Amino acid sequence: MKEETEMIRLKPVFKQMIWGGNRMRAEFGYDIPGDDTGECWAISAHKNGDCEIAEGEYAGKTLSWLWNEHRELFGNIDLPVFPLLTKIIDARENLSIQVHPDDTYAGSHENGSLGKTECWYILDCDPGTNIIIGHNASTREELADMINNGRWDELIREIPVHKGDFFQIDPGTVHAIKGGTMILETQQNSDITYRVYDYGRLQGGKPRQLHVKQSIDVIRVPFTGSDASDKGIRLTAGKESEGENECRPLVRSPYYRVWKLDIAGKGSYIQDNAFLICSVIEGQGNIGRDGGKTEKIRKGDHFILPAGFGEFALEGNLSLICSSV
Ligand code: ZN
């Protein structure tokens with residue numbers, strides 16, 4: 001095996017937020033910067049949080065550097081920036097209610113930026129927690145009136161959320177997680193968010209900026225949810241007995257495909273995508289290839305299996321969320 005087909009481990013970048021918490025320390029063993037750590041950018045080549053490679057030949061270089069200099073590790077795909085971003089989000093308090101633009105709107109209004117399509121795997125939430133997905137306005141005029149006149153209770157659509165649910169958030173979907181929710185987010189490599197409503201909170205004595213005009217522009221009216229973007233897909237319901245390996249596709253969008261892998265014992269897989277992002281969300285075990293080295297992996301680890309990684313085995317009791325383009 002050539003050197004460059006080793007797995008690529010990355011160092012996460014942490015973001016402190018007014019709504020952030022400290023659960024990532026105990027849950028994932030991360031050295032978080034404070035008790036208001038809202039986001040862990042686990043796999044990111046975005047300029048606002050470009051992850052460093054943790055070990056090996058490219059240790060200390062950033063993921064954007066690796067993308068630019070060694071495109072062969074990513075199947076030589078022809079895109080201007082590394083296309084995906086994987087985050088863990090720990091909400092101690094409610095997040096602002098927000099919406100993202102699509103590529104077309106972001107490209108013309110946000111200096112050529114990408115739009116943002118994202119999806120959420122619910123890692124944990126307090127019992128009885130709701131999630132905000134969609135809205136109840138039937139026309140854009142009604143939407144504007146509800147937003148401009150603060151008719152939030154009428155506008156906002158809330159549904160119950162459970163550990164193991166999965167949501168696809170297309171551009172134009174009003175969305176927010178509430179306090180007590182922890183998610184793994186897979187998204188387009190973009191940081192463009194329009195804040196619709198922030199519960200009237202103050203940061204440093206002032207409200208955070210809202211983006212009312214942009215929100216009214218991009219929110220899709222009326223809200224129509226698909227299964228994954230409306231009710232969520234219950235992954236924990238109907239789980240088979242222990243001792244079985246499972247690889248379940250969660251979503252296929254124009255920007256990404258996402259899977260959940262559950263391993264109990266040993267499972268064999270092939271990495272034949274341009275690259276595969278892997279996040280261990282439960283348990284621990286090993287990853288290895290025939291004749292190659294075996295590495296320990298555990299809950300909280302994030303890595304990329306590059307192009308040409310080929311056949312590998314996962315062994316142990318563990319769950320992963322994996323994604324590719
Ligand atoms: Zn979002």
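First listed ligand is number 1; within each ligand, the first listed atom is number 1. Since this is a predicted model, take the numbers as computed values, not measurements.
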Side chains of [X] and [Y], donor plus acceptor under 3.5 Å:
X	Y	value
Tyr256	Gln168	yes
Glu39	Trp41	yes
Glu110	Tyr194	yes
Tyr255	Asp103	yes
Gln187	Lys87	yes
His175	Glu118	yes

Quiz prompt | Listed protein N/O/S atoms, distance to the Zn ion (ligand 1) under 2.8 Å | solution =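 Listed by chain and number, the atoms are His100 NE2, Glu118 OE1, Glu118 OE2, His175 NE2.
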